[in-house]
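For reference, the structure discussed in these notes is given below.
Below, all heavy atoms of this structure are taken into account, side chains as well, without hydrogens, waters or symmetry copies.
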Amino acid sequence: MHQCYYCEQLFDSKEQLFEHVEVHSDIERNNEIMNRKKQARKK
């Protein structure tokens with residue numbers, strides 16, 4: 001198993017993980033996503 005270090009989603013193969021991590025490559029967008037997740041955890 002491989003885990004995305006941005007969103008902690010699990011993947012069966014490194015290839016799947018690398019494809020997924022590309023989603024996070026935009027730093028501004030990633031920060032926005034992480035902030036939303038932090039807000040959701042606080043509720």
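- Q16 places a side-chain N or O within 3.5 Å of a backbone atom of D12 that can act as its donor or acceptor partner.
- Looking only at distances, a side-chain donor or acceptor of Q3 sits under 3.5 Å from a matching main-chain atom of E8.
- Shown here for V21 and C4, the closest heavy-atom pair between the two residues is CG2-SG, 4.5 Å.
- For the pair F18/K14, a side-chain contact is recorded, criterion being any heavy-atom separation below 4.5 Å from C-beta on.
- Not a single donor-acceptor pair under 3.5 Å links the side chain of R41 to the backbone N or O of R36.
- Across all their heavy atoms, S13 and H2 have their closest contact at C-CD2, 3.5 Å.
- Atoms NE2 and SG, from H20 and C7 in turn, are 3.5 Å apart once rounded to the nearest 0.5 Å.
- The nearest pair of heavy atoms linking L10 to M1 is CB-CE, 3.8 Å.
- Of the inter-residue distances, the one linking N31 atom CG with Y6 atom OH reads 9.5 Å to the nearest 0.5 angstrom.
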